[in-house]
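Ligands are counted one by one from 1 in listed order, and the atoms in each one are counted from 1 as well. In what follows, every heavy atom counts, from backbone to side chain, and hydrogens, waters and symmetry copies are set aside.
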Amino acid sequence: MEKKDILSMPYNQLEEEIYLLGEPKFRTKQIYTWLHQKQTTDFSKMSSLSLQLRERLDRIFCINRLKITRKLASSIDHTVKYLYELPDGNYVETVLMEYHYGKSLCISTQVGCKMRCQFCASTVAGFIRNLTPSEMLLQIYETQRDIGTRIDHLVLMGIGEPLDNLENVLTFFQLLSDPKGFGMSLRHVTLSTCGLVPQIKQLADLHLGLTLSLSLHSPENLRRSEIMPVNRRYPIEATMEACRYYFQVTGRRVTIEYAVIDHVNCSKLDAKKLAALLKDMYCHVNLIPVNPIAEKNFQTMRQNVELFQKELETLGVNATIRRTLGSDIQAACGQLRRDAYQNIKEI
Ligand code: SAH
């Protein structure tokens with residue numbers, strides 16, 4: 001029988017498992033503390049449990065690990081990019097960034113992606129599978145083990161579309177924020193989406209306190225559908241309406257992500273249309289100079305990002321240009337993983 005993934009079990013589920021084993025209730029708390037606070041990787045080290053129970057747990061459950069396959073440290077700032085191998089041999093990327101307010105980790109939520117955004121490397125080879133809750137959690141635990149300090153902030157902006165894996169993401173949030181476990185406030189978490197409208201509303205209704213970030217990239221349906229096929233299903237009007245709903249229900253300001261691409265989305269007219277679209281919205285715009293990927297011909301001249309920002313400013317829209325951390329190791333999102341598969345194929 002396959003062992004059960006204990007790190008994917010929120011407290012109440014573990015409690016049920018422990019009850020079914022005929023163990024007293026307080027054992028759940030002990031085991032949960034070992035797993036999520038002390039982050040023990042081996043049942044045999046859970047010294048407050050009897051030897052017999054440790055062996056029993058080891059026969060029924062597994063404590064998954066991720067393996068660091070590659071690690072690239074920037075020589076410009078403190079950004080570190082990890083390529084993690086999952087228990088089944090697939091790969092995902094995780095990026096550690098340092099800000100004045102502490103350490104922030106960008107995690108992946110799927111192996112590959114279905115969304116087919118034209119400028120994104122994560123989607124080039126298609127979708128393989130969803131990550132389990134423990135595989136999301138372990139990106140944090142393994143990175144902390146590697147650096148020896150605590151991660152304070154989290155962004156779900158790595159490989160994958162988090163709202164396309166909502167059930168596992170919600171279980172992950174439950175594990176992440178449980179004060180009996182890791183105990184990170186969801187106010188320290190940002191979830192980025194390409195705009196799955198029903199899931200945005202569902203998330204709003206849960207009042208989790210996290211920040212929603214919408215990848216907009218164009219204020220115009222025709223153009224947005226060209227670069228982001230998801231727009232054919234959920235056009236800009238419906239997407240913005242869902243973002244407004246998110247703000248109304250949660251009181252949390254939505255962030256608008258906008259990857260600036262020469263000749264695609266940064267003309268004066270684009271700025272005008274963007275300003276009109278965001279006119280009565282409580283949001284913040286983040287401009288990202290597009291990161292070129294090998295397969296596609298998208299690029300940005302830095303001065304065009306600045307021009308676009310100025311244009312927006314004159315129209316009354318406050319926009320910041322995202323600091324391009326670790327530019328020497330950047331290899332746009334998803335490229336490390338793709339290269340790993342290619343290297344393996346070559347062998
Ligand atoms: N699927 C989610 C989260 C993952 S992508 C989403 O779409 O938001 C994280 C962010 O990186 C998104 O804003 C995405 O549009 C952006 N992105 C993807 N490829 C990029 C590239 N080559 N250059 C700049 N930003 C990119």
May I ask whether Ser122 places a heavy atom under 4.0 Å from ligand 1?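 No, that is not the case, since the closest heavy atom of the residue is not under 4.0 Å from the ligand.
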Will you find, in the side chains of Asp146 and Tyr82, an N or O donor that is under 3.5 Å from an N or O acceptor? yes
Between the side chain of Arg116 and the main-chain N/O of Ile227, is any donor-acceptor distance below 3.5 Å?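 No.
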I'd like to check which ligand 1 atoms, numbered from 1 as shown, lie under 4.0 Å from a non-hydrogen atom of [X].
X      : result
Gly160 : 1 (N), 2 (C), 3 (C), 4 (C)
Cys194 : 6 (C), 7 (O), 8 (O)
Cys120 : 18 (C), 19 (N)
His217 : 13 (O), 14 (C), 15 (O)
Gly158 : 4 (C)

Fit a plane to each ring of Tyr32 and His36, take the angle between them on a 0 to 90° scale, and name the class: parallel (under 30°), tilted (30 to 60°) or perpendicular (over 60°). tilted
Take the angle between the ring planes of Tyr258 and His217 and call it parallel below 30°, perpendicular above 60°, tilted in between.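 Geometry flag for His217 against Tyr258: perpendicular rings.
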Below 3.5 Å, N or O to N or O, backbone or side chain included: is there any such pair between [X] and ligand 1?
X      : result
Glu257 : no
Met157 : no
Phe119 : yes

Thr193, portion touching ligand 1 at heavy-atom distance under 4.0 Å: backbone
Please round to the nearest 0.5 Å and tell me the distance separating atom NE2 of His284 and atom OG of Ser213.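 Rounded to the nearest 0.5 Å, the NE2-OG separation comes to 10.0 Å.
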Aromatic Phe61 / basic Lys3 pairing, under 6.0 angstrom, 45° off normal: no
Between the side chains of Glu135 and Arg129, is the shortest nitrogen-to-carboxylate-oxygen separation below 4.0 Å, so that they form an ion pair?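 Looking at Glu135 together with Arg129, the answer is yes, because their closest N to O distance falls below 4.0 Å.
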Between Arg302 and Glu306, does any NZ, NE, NH1 or NH2 come within less than 4.0 Å of an OD or OE carboxylate oxygen?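 A salt bridge is present here (some side-chain N lies under 4.0 Å from a carboxylate O).
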Best match, Ala121, Gly195, Cys106, Ser215: closest heavy atom to atom 12 (C) of ligand 1: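 The nearest heavy atom belongs to Ser215.
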